[in-house]
Amino acid sequence: NMKLMRKEKEMAIHVVMVNPEIPPNTGNVARTCAATNSVLHLVKPLGFDISDKALKRAGLDYWPYVTLEVHESLEEFLSEYDGKRMFLATTKGKKRYTDVDFQDEDMILFGRETAGLPRDFIKEHEDMAIRIPMSKNTRLRSLNLANSVNIVLFEALRQVGFPELR
């Protein structure tokens with residue numbers, strides 16, 4: 001049967017970093033994406049040059065293994081991927097990241113370190129806003145961006161069965 005011989009498409013979760021500012025965070029996320037076959041999208045403006053030495057150092061020798069797409073703006077990204085399921089990771093999310101059912105090809109958007117995702121964008125897509133639970137008794141506004149990506153990404157990967165991962 002010809003259908004069975006065709007290699008199945010690899011499953012993938014997409015991590016979308018909107019306007020990241022700190023090179024080591026992006027390098028750490030790139031390393032995680034390389035290790036998990038996840039697709040990394042960087043949405044400009046970026047707070048650094050992609051060839052930045054700190055970025056390469058944080059990602060070590062993983063950059064050649066990262067499936068990377070760079071987008072000129074959030075608008076350009078949204079029009080290119082219109083119709084895809086997108087979750088917005090934000091401290092303003094009403095749902096916990098564990099309360100949603102992730103699927104193959106889902107996209108998880110993370111905002112920049114100092115401000116998160118644009119507020120009006122979150123308001124427009126409130127139903128897709130998810131958060132990581134945190135203590136109310138802290139002055140911290142959020143967790144480190146790279147750590148947040150790892151937490152949510154690994155939950156999504158767990159839900160879809162850790163495809164292609166040993």
Side-chain angles (χ1 to χ4, degrees), residues 9-48 50 55 66-136 138-163 165:
K9 181 194 106 26
E10 285 185 15
M11 291 178 77
I13 299 292
H14 295 251
V15 171
V16 184
M17 297 179 76
V18 179
N19 314 139
E21 299 163 310
I22 302 172
N25 282 334
T26 301
N28 283 319
V29 171
R31 182 176 179 161
T32 298
C33 288
T36 59
N37 301 322
S38 301
V39 179
L40 176 59
H41 299 260
L42 299 180
V43 178
K44 292 181 178 179
L46 310 178
F48 48 84
I50 292 184
L55 190 63
V66 178
T67 304
L68 176 66
E69 289 187 29
V70 180
H71 305 275
E72 291 305 312
S73 66
L74 182 57
E75 293 68 33
E76 187 236 284
F77 166 78
L78 293 170
S79 81
E80 187 174 338
Y81 285 96
D82 187 40
K84 289 270 190 194
R85 262 176 28 129
M86 295 185 193
F87 290 98
L88 282 53
T90 168
T91 56
K92 292 152 188 58
K94 295 208 180 358
K95 285 184 273 208
R96 291 182 301 202
Y97 74 102
T98 52
D99 293 338
V100 299
D101 292 317
F102 290 101
Q103 301 165 13
D104 181 29
E105 294 299 327
D106 277 350
M107 306 192 114
I108 309 166
L109 281 66
F110 296 85
R112 67 182 198 260
E113 288 88 343
T114 56
L117 291 165
R119 284 176 194 269
D120 47 347
F121 179 63
I122 296 168
K123 242 182 217 136
E124 247 175 86
H125 305 281
E126 237 173 7
D127 54 323
M128 298 306 273
I130 56 174
R131 68 180 159 76
I132 298 168
M134 281 182 47
S135 168
K136 286 184 171 90
T138 177
R139 290 193 183 134
L140 291 175
R141 289 185 313 276
S142 62
L143 296 171
N144 166 275
L145 177 60
N147 290 341
S148 297
V149 170
N150 285 338
I151 289 166
V152 180
L153 175 59
F154 271 88
E155 173 62 14
L157 291 167
R158 183 192 69 79
Q159 287 188 22
V160 298
F162 294 115
L165 306 181

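As the structure is a prediction and not an experimental result, all values here were calculated from the model.
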**Complete:** Residue set satisfying salt bridge (Lys or Arg N to Asp or Glu O under 4.0 Å) with Lys94, at least two apart, ordered chain then number -> Glu126
**Item:** Where Ala12 and Val39 come nearest, the two heavy atoms and their spacing
**Value:** CB-CG2, 4.1 Å
**Request:** Please examine the side chains of Met17 and Val43, heavy atoms only from C-beta on, and report whether any two atoms are closer than 4.5 Å.
**Result:** no
**Request:** I would like to know whether Thr26 and Leu42 meet side-chain contact (heavy atoms from CB on, under 4.5 Å); could you show each step before the answer?
**Result:** CA-CA 9 Å; Thr26 301; Leu42 299 180; 3.8 Å; yes
**Request:** Applying side-chain contact (heavy atoms from CB on, under 4.5 Å), name anything that partners Leu143, two or more places apart in sequence or on another chain.
**Result:** Ile132, Met134, Ser148, Ile151
**Prompt:** Distance from Ile130 atom CD1 to Leu88 atom CG, nearest 0.5 Å?
**Reply:** 8.0 Å
**Residues that Thr90 engages under side-chain hydrogen bond (donor to acceptor under 3.5 Å, both in side chains), provided they are two or more places apart** = none
**Request:** Report the residues that fulfil side-chain hydrogen bond (donor to acceptor under 3.5 Å, both in side chains) with Arg85, sequence neighbours left out, ordered by chain and then residue number.
**Result:** Asp106
**Asked** Looking only at heavy atoms, which two atoms of Val66 and Ala30 are closest? And how far apart?
**Response** CG2-O, 3.4 Å
**Item:** Check: Arg131 side chain, Gly93 main-chain N or O, donor-acceptor pair, under 3.5 Å
**Value:** yes
**Which residues share a side-chain contact (heavy atoms from CB on, under 4.5 Å) with Pro45, sequence neighbours left out** = Asn19
**Prompt:** What distance do Met128 atom CE and Leu109 atom CG have between them, rounded to the nearest 0.5 Å?
**Reply:** 10.0 Å
**Prompt:** So do the side chains of Thr67 and Cys33 get within less than 4.5 Å of each other, counting heavy atoms only?
**Reply:** no
**Asked** Closest heavy-atom contact between Pro20 and Phe48?
**Response** O-CE2, 3.5 Å
Just list the side-chain donor-acceptor pairs under 3.5 Å for residues 74-84, sequence neighbours left out, or say none.
from	atom 1	to	atom 2	distance (Å)
Glu76	OE1	Glu72	N	2.9
Glu76	OE2	His71	ND1	3.3
Ser79	OG	Glu76	O	3.2
Tyr81	OH	Glu69	OE1	2.6
Tyr81	OH	Glu69	OE2	2.9

**Working for side-chain contact (heavy atoms from CB on, under 4.5 Å), residues His41 and Val15** = CA-CA 6 Å; His41 299 260; Val15 171; over 6 Å; no
**Asked** How would you list, by chain and number, every residue that makes a ring-ring contact (aromatic ring centres under 6.0 Å, His included) with Phe87, sequence neighbours excluded?
**Response** Phe102
**Prompt:** Distance from Ile22 atom CD1 to Asn28 atom CG, nearest 0.5 Å?
**Reply:** 11.0 Å
**Prompt:** What pairs with Asn144 under side-chain contact (heavy atoms from CB on, under 4.5 Å), at least two apart in sequence or on another chain?
**Reply:** Asn25, Ala146, Asn147
**Message:** Among residues at least two apart in sequence or on other chains, which ones pass salt bridge (Lys or Arg N to Asp or Glu O under 4.0 Å) with Glu113?
**Reply:** none
**Intermediate values then yes/no, side-chain contact (heavy atoms from CB on, under 4.5 Å), Asn37 and Leu165** = CA-CA 8 Å; Asn37 301 322; Leu165 306 181; 4.0 Å; yes
**Request:** First locate atom CG of Leu157, then atom CE of Met11, and finally report the distance between them rounded to the nearest 0.5 Å.
**Result:** 9.0 Å
**Fill in**
Sorted by chain and residue number, the salt bridge (Lys or Arg N to Asp or Glu O under 4.0 Å) partners of Arg112 (sequence neighbours excluded) come out as Glu21
**Request:** Drop me the distance from Arg158's CZ to Leu153's CG, to the nearest 0.5 angstrom.
**Result:** 13.0 Å
**Message:** With rounding to the nearest 0.5 angstrom, report the CG to CZ distance, Asn150 to Arg31.
**Reply:** 10.5 Å
**Test item: Gln159 side-chain N/O and Phe154 main-chain N/O as donor-acceptor pair under 3.5 Å** = no
**Fill in**
residues 108-136 vs ring-ring contact (aromatic ring centres under 6.0 Å, His included), sequence neighbours excluded, gives Phe121-His125
**Prompt:** With a 4.5 Å heavy-atom cut-off, do Leu68 and Leu40 have their side chains touching?
**Reply:** yes
**Request:** Show the numbers, then the answer: is there a side-chain contact (heavy atoms from CB on, under 4.5 Å) between Lys95 and Val100?
**Result:** CA-CA 8 Å; Lys95 285 184 273 208; Val100 299; 4.0 Å; yes
**Asked** Residues two or more places apart in sequence or in another chain: which of them pass salt bridge (Lys or Arg N to Asp or Glu O under 4.0 Å) with Arg96?
**Response** Asp99
